[in-house]
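Reckoned from all heavy atoms, side chains included, excluding hydrogens, waters and symmetry mates. For this chain, numbers begin at 1 and follow the sequence in order.
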Amino acid sequence: ADALEQLLADLGSRLATILHIQVPDEILLARLSGRWTCKACGTMYHQLYSPPQQEGFCYKCGGYLYQRPDDTTATKERRIQVYLAETAPLIEYYRHRGLLVDIDGRPGIDEVQAALLAAIERTQ
């Protein structure tokens, strides 16, 4: 973070804001680990947001759906732990500098996007 700030200063620029999208772990896991992919045509589905018409099969080609190893709940839980250990300290770093804007990531895509755009607009 210090190196980034120095690099930006050398370029005559600075960070205006840091957007921090907050989502409870259980919601994040459900969103991240629900992806399924068709082995035949590559079409992607999500068990909550865009489920296949027939469980386990692609509606486009009839191919078998599988879950990639990096899409499993266990993998996503590990990624969240890495995030908490390695990235979360930056949250306080930027909060202390008054640059952090927390965004509620629980609502739908449109609401989160509107909140992100409003936060960016406020800092320009």
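- The minimum heavy-atom distance linking Ser33 with Thr72 is given by the pair CB-C, 3.9 Å.
- Of all heavy-atom pairs spanning Thr43 and Cys58, the tightest one is CB-SG, 4.1 Å.
- Although no hydrogens or angles enter the test, the distance criterion places a donor-acceptor pair under 3.5 Å between the side chain of Tyr45 and the main chain of Tyr59.
- Qualifying salt bridge (charged side-chain N to carboxylate O under 4.0 Å, His left out) partners for Glu26, counting only residues two or more places apart in sequence or in other chains: none.
- Atom CG in Asp70 sits 10.5 Å away from atom CG in Leu32 (nearest 0.5 Å).
- Without hydrogens or angle criteria, Thr75 side chain to Pro69 main chain gives a donor-acceptor distance under 3.5 Å.
- Distance alone, capped at 3.5 Å, is enough to place a donor-acceptor pair between the Thr17 side chain and the Leu99 backbone.
- For the pair Arg97 and Tyr93, the cation sits on the ring face: its NZ or CZ lies under 6.0 Å from the ring centre, inside 45° of the axis.
- The shortest side-chain heavy-atom distance between Arg106 and Val112 does not fall under the 4.5 Å cut-off.
- Across every non-hydrogen atom of Trp36 and Gln47, the tightest pair is NE1-OE1, 3.3 Å.
- Arg31 is linked by a salt bridge (charged side-chain N to carboxylate O under 4.0 Å, His left out) to nothing, counting only residues two or more places apart in sequence or in another chain.
- Here the CD atom belonging to Glu77 is positioned 9.0 Å from the CG atom belonging to Asp25, to the nearest 0.5 angstrom.
- A donor-acceptor contact closer than 3.5 angstrom links the side chains of Asp10 and Gln6.
- Residues meeting the ring-ring contact (aromatic ring centres under 6.0 Å, His included) test with Tyr64, sequence neighbours left out: none.
- Annotation: Ile109, atom CD1; neighbour count of heavy atoms from other residues, nucleotides and ligands within 6.0 Å does not exceed 12.
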